[in-house]
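Owing to the predicted nature of the structure, the values given are computational and were not obtained by experimental measurement.
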Amino acid sequence: MQCVSWDVLAWVSGVKLGQQNEKTWEEAQTRLTSLHMDFYNFRLPLLILAALGCCSEGSPLLNNKTNGVIGKNVTFKTTITSTQEFITITWNFDKGPVIAPIITSVPLSNTNNIDEKYASRIIYNKTTCELQLGPLVEEDEGEYVLNIVTTQGQQLSGQIYLQVLEPITDVKISSNLPEAVEVNNTVVLSCSAKGSFTYKWLNSTVPLVVDGTRMTLNAVGNELSITEVRRTDLRGPIFCIAENALEFGRSAPFNLTVSYGPEKVVMTQTPTDSILKKGSNLTFTCSAQSDPPAQLQWMFNGEAMPQKTTANITLTNVEETNSGNYSCVAYNAKTKRYVTSQVAVVSVLEALSGTSISSSSSLLIAGNSTVNITCSAAAGKPDSVEWLKESKPVTSSDRIILSADKKTLTIVKVVKEDAGNYKCQLKNKVNKDESTYVMVINYGPESVSVKGKTAVKFEEAADLKCSADSVPPSIFSWKLNTTAMNASQAVITIDKARVTDSGMYTCEAFNPITGITKTAKLTLAVTEVGAVDEGLSGGAIAGIVIAVLVAVIIIACIIKRKRKSSTDITSPY
């Protein structure tokens, strides 16, 4: 809508309309834009024109309120993107009854009139009409007015209020206690700063949350109180932030020292066995949660160990006298508290070594001898004794008796089956040791026998073997019929059998330890002619002989007849 008449515009520009030969609108506008006149002479009519504007649109300013900080700049933002249709743009400062001009701009003539008080303190954007003011002083707080008159005779107007804030400096935290004892003390942290601001607290990087009972903030927010303080209340570092609408200041990190403990006093043992071998090493380690670090004292059977105040102690080459109860006591000099660790019960034993088996007799005869074998260790005391025979446990019977402490094994009237490897195993809580004993049982001879052919051909070889079950091995002697032979081996060999080798062979087996002699016999037949079937009876052999004689007679008769036939010649006459 056009609300300002062209008569007014013509009056401002020196163009008179309403005459018969008056200029057209386009000519008047061209003259207006080309007119070059003194800005001070033109200023009052422009203000009058602005006052005559009867129409205005929405505020050209982006905000109606903004903040600035003393010593820094502030920019009044607009929604304008072009000034091509603007005749005048003015910025004024309205503080109370006085309206102070800042700048008047005429885009058509590219002319800016800046008040001398603001000449060095503003930057004006010709495209957006935005005004930057600074560095700010406290007196700059107030309302700033933007008025624009367009070529269409419209007036645009907007106001923005500037609040000038003091800068935030020297933000710091102080505590009522340099150090606090957990649960015992109340800690008050105070935040101070310079400038205009509100307060915030950070615990590390997250906002600090108070519970309103044990942890509280005062109404202003600059004082934090913690009753019965705990180490977990403020893990830290703690920060105080003082802020206003434009800026903030952060304190240096503050770490609250809360003394606590000792607690969770833990003692470890290496090796972990409660029973140790004599001569081994024993190490204890003690740890405690405490601030400041706890002082440590090692205890043995309830008494302080001299000069044992470190976190680790080692006992080397331990003896039986080192057996007992070990513990660690932790003490905090700030909290004045003592805490004792769990108790480690340690027993030191000598290891078993030099285990051996002794026998009551070195010569055992089956059926006659009774033997005791005893197991003992040269060093250490066994808790258990176990006997094994051929890797199988020995159990008591009517012939096998174990002593009460199982160290002695008694076998009554040993038999040959008692022979073998006996192992004694000794054990205690630190190790085991063992020894092996070989038991020899003399017996026999038993199961004496002679093996070999019972019949052989004439001049055929023959072996006769005598065997006997005996410990020690039997001594052998031989007889043919009733005549002793010059042979003492288990085997006799006949290279070429004669008829005289026929007969009954007797083997005598003699055990020199038991004194027992036993015999076995075998009959051997040697034939002069032909083959002998060891499996034929005497009648069969006789039949064979008769058959052979008959065959010889028949063959002889045939030969005689042939000779006679050859001597009989027929007469020619």
Give a yes or no on whether the backbone of I168 and the side-chain of E247 come within a donor-acceptor separation of less than 3.5 Å.
yes
Quick one, V371 with V414, criterion side-chain contact (heavy atoms from CB on, under 4.5 Å). Give me CA distance, side-chain angles, the key distance, then yes/no.
CA-CA 8 Å; V371 65; V414 297; 3.9 Å; yes
Sequence neighbours left out, what passes salt bridge (Lys or Arg N to Asp or Glu O under 4.0 Å) with K308? Give chain and number order.
none
For E320, I'd like to know if atom CD has over 12 heavy atoms of other residues, nucleotides or ligands within 6.0 Å.
yes
Within the structure provided, determine whether V229 and T186 are in side-chain contact (heavy-atom separation under 4.5 Å).
no
According to side chain to side chain donor-acceptor pair (under 3.5 Å), who are the partners of Q289, at least two apart in sequence or on a separate chain?
none
Go through the steps for R399 and D418 under the test salt bridge (charged side-chain N to carboxylate O under 4.0 Å, His left out), then give the verdict.
CA-CA 10 Å; R399 284 193 320 104; D418 293 328; 3.0 Å; yes
Answer yes or no: is there a donor N or O on one side and an acceptor on the other, between the side chain of N301 and the main chain of G324, under 3.5 Å?
no
With no hydrogens and no angle check, just 3.5 Å: does a side-chain donor-acceptor pair link T506 and T519?
no
List the residues meeting salt bridge (Lys or Arg N to Asp or Glu O under 4.0 Å) with E182, not counting sequence neighbours, and say none if there are none.
R231
Can you name the salt bridge (Lys or Arg N to Asp or Glu O under 4.0 Å) partners of K423, sequence neighbours left out?
E434
How long is the gap from CH2 on W478 to CG on L480, to the nearest 0.5 Å?
11.0 Å
So, do Y199 and I241 sit near enough that their side-chain heavy atoms are less than 4.5 Å apart?
no
Any side-chain heavy-atom pair of I400 and V394 under 4.5 Å:
yes
Gap between atom OG1 of T227 and atom CE of M215 - 0.5 Å precision
9.0 Å
Step by step, would you call K406 with E386 a salt bridge (charged side-chain N to carboxylate O under 4.0 Å, His left out)?
CA-CA 7 Å; K406 296 187 179 181; E386 184 177 13; over 6 Å; no
Check the pair E166, K194 against salt bridge (charged side-chain N to carboxylate O under 4.0 Å, His left out), reporting the backbone distance first and the verdict last.
CA-CA 8 Å; E166 294 183 30; K194 295 178 181 178; over 6 Å; no
For N481 and T483, indicate whether the former's side chain and the latter's backbone hold a donor-acceptor pair under 3.5 Å.
no
According to ring pair (Phe, Tyr, Trp, His ring centres under 6.0 Å), who are the partners of Y326, at least two apart in sequence or on a separate chain?
F284, F300
Please check this pair: side chain of S251 against backbone of K172, looking for a donor-acceptor N/O pair closer than 3.5 Å.
no
Hey, are E508 and S477 close enough side-chain-wise for a donor-acceptor pair under 3.5 Å?
yes
I'd like to know whether L364 forms a side-chain contact (heavy atoms from CB on, under 4.5 Å) with V440, so could you lay out the CA-CA distance, the side-chain angles of the two residues, the decisive distance to 0.1 Å, and finally the verdict.
CA-CA 7 Å; L364 303 177; V440 178; over 6 Å; no
Minimal non-hydrogen separation, F458 against R498, with atom names:
CZ-NH1, 3.5 Å
When every non-hydrogen atom of G420 is compared with those of E390, the smallest separation belongs to CA-OE2, 3.3 Å
Could you walk me through whether D233 and R214 pass the salt bridge (charged side-chain N to carboxylate O under 4.0 Å, His left out) test, one step at a time?
CA-CA 10 Å; D233 289 336; R214 201 172 55 81; 2.7 Å; yes
Between D405 and S403, a side-chain donor and acceptor under 3.5 Å:
yes
Do K427 side-chain atoms and L352 backbone N/O form a donor-acceptor pair below 3.5 Å?
no
Between S359 and Y437, is there a side-chain heavy-atom distance shorter than 4.5 Å?
yes
Single hit among D291, V329, L296, N332 for side-chain contact (heavy atoms from CB on, under 4.5 Å) with P262
N332
Smallest separation among heavy atoms of P382 and L426, with atom names
CB-CB, 4.0 Å
Nearest 0.5 Å please: distance from the OH atom of Y331 over to the OH atom of Y338.
4.5 Å
Decide side-chain hydrogen bond (donor to acceptor under 3.5 Å, both in side chains) for T283 and T314; before the verdict, give the C-alpha distance in whole Å, the side-chain angles of both, and the deciding distance to 0.1 Å.
CA-CA 4 Å; T283 298; T314 299; 3.1 Å; yes
Any sub-3.5 Å donor-acceptor pair from Q269's side-chain atoms to P271's backbone N or O?
yes
With side chains defined as the heavy atoms from C-beta onward, is the minimum distance between I441 and V415 less than 4.5 Å?
no
Judged by modelled atom types alone, do S470 and N511 share a side-chain donor-acceptor pair under 3.5 Å?
yes
Note: R337 and G261 closest approach over all heavy atoms is CD-O, 3.7 Å
Check whether any side-chain N or O of N428 sits under 3.5 Å from a backbone N or O of K432 as a donor-acceptor pair, and report yes or no.
no
How many angstroms lie between atom CD of E319 and atom CG of L349, to the nearest 0.5 angstrom?
12.0 Å
Can you check whether W201 reaches L217 side chain to side chain, under 4.5 Å on heavy atoms?
yes
Of all pairs that satisfy side-chain hydrogen bond (donor to acceptor under 3.5 Å, both in side chains), the ones with a partner from residues 360-380, not counting sequence neighbours
N372-T410, T374-T408
Between D469 and S447, do the side chains contain a donor N or O and an acceptor N or O under 3.5 Å apart?
no
Nearest-0.5 Å distance, OG1 of residue T395 to CG of residue L402
8.5 Å
So, are K496 and D501 salt-bridged, with charged N and O less than 4.0 Å apart?
no
If the threshold is 4.0 Å, N to carboxylate O, is there a salt bridge linking E350 and K277?
no
Counting only heavy atoms not in Q307 (residues, nucleotides, ligands), do more than 12 fall under 6.0 Å from its CD?
no
Please tell me if the side chains of S474 and F476 come closer than 4.5 Å, counting only heavy atoms from C-beta onward.
yes
Taking all non-hydrogen atoms of both residues, which atom of V171 and which atom of A242 are closest, and how far apart?
CG2-CB, 4.0 Å
Is any NZ, NE, NH1 or NH2 atom of the basic residue among K416 and E446 found under 4.0 Å from an Asp or Glu carboxylate oxygen of the other?
yes
Can you find a pair of side-chain heavy atoms, one from I238 and one from N203, that are under 4.5 Å apart?
yes
How far apart are the closest heavy atoms of V526 and V499, and which atoms are they?
CG1-N, 4.0 Å
Test side-chain contact (heavy atoms from CB on, under 4.5 Å) on T285 and N312 and set out the steps.
CA-CA 5 Å; T285 300; N312 301 284; 2.6 Å; yes
When rounded to the nearest 0.5 angstrom, what is the spacing between CD1 in I226 and CG in L256?
6.5 Å
Does a donor on one side chain sit under 3.5 Å from an acceptor on the other, for S327 and T340?
no
